[in-house]
Amino acid sequence: MRKPVVLVSADVKPIEGFDWHAAISSYLDALVHGADAMPVLLPALGPALDLDSLLDRVDGVLLTGSRSNVHPSLYGGDAHERNGPFDTRRDATTLPLIRRALARHLPLFAICRGLQELNVALGGTLVSEVQDIDGRRDHRAPESDSMDERFALAHHVDIVPGGRLAAVLGDARVEVNSLHRQAIGALAPGLTIEAQAEDSTIEAVSVDAHPGFALATQWHPEYWVGSDSASARLFAAFGEAARAQMTATARSAA
Ligand SMILES: N[C@@H](CCC(=O)NCCCC(=O)O)C(=O)O
């Protein structure tokens, strides 16, 4: 049976003297094994891309995390190098992609940097170096060469009762990993908070005008999708939404 196809954001990475367009395998593996969907990488080619030609052919969009930060010039922030590293080609690709995908009501799942891109794409802002803000915890990954240690569950988040995330995870507390220096500052118009950390950091949002799955998490459910129940439920729900999109598209084409 045909499986839904999900467009996955890519970073631009210098490797062996060339620019590569790349995504971490855990996101791709989570789509295949957690969402039963087929990932297709979207190169960060910015305005060279005809996004409608791509979005006509997919059933969902996944925005991955990245160590790079959304360029501060896109939300009136301090564009100093200390707020880097940056990936302006990714920014130039994902921000218009988000707006076009939402306009089409395509299922959208945004993770970490992806949540930050969603907030900026819709007119919100970010704060940098969250750990230096009074009253905030350190949300950065632990110093370690072990990815399991870097992505270890680090703190709990409180899910907003009755919200769209609660519909997937239930309205309790979930333990999440934490690998970020930035966070949502001013929430964009049209976004609703779905979960917060104890220090009030926004940890998940949904898109008000979207009729289906349009969720973003500051944490990384892709990493433990094979062993963590909340992670698995998120990717299963996203896969179900992409499958429904695929079916609806096929019906309208018939
Ligand atoms: N750069 C942003 C977003 C953080 C993010 O997406 N982290 C994923 C990469 C994790 C890692 O390998 O360190 C921020 O810092 O807020």
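In what follows, residues are counted from 1 in the order of the sequence shown. Heavy atoms only: backbone and side chains are in, while hydrogens, waters and symmetry mates are out. All ligand and atom numbering here is 1-based and tracks the order in the structure.
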| request: Would you mind checking if Asp52 and Arg104 are paired as a salt bridge, meaning a charged N to carboxylate O distance below 4.0 Å? | output: yes
| query | Any chance the side chains of Thr201 and Asp199 put a donor and an acceptor closer than 3.5 Å? | reply | yes
| field | Contact residues of ligand 1 (heavy atom under 4.0 Å), by chain and number | value | Gly65, Ser66, Arg67, Ser68, Asn69, Cys112, Arg113, Gln116, Arg150, Leu179, His180, Arg181, Gln182, His220
| Hey, are Ser229 and Arg233 close enough side-chain-wise for a donor-acceptor pair under 3.5 Å? | yes
| Residue that, paired with Val205, satisfies side chain to side chain contact (heavy atoms under 4.5 Å, CB included) out of Thr192, Leu118, Leu165 | Leu118
| Residues that His139 engages under ring pair (Phe, Tyr, Trp, His ring centres under 6.0 Å), provided they are two or more places apart | His155, His180
| message | Distance check, rounded to the nearest 0.5 Å: Asn177 atom CG versus Glu175 atom CD? | response | 10.5 Å
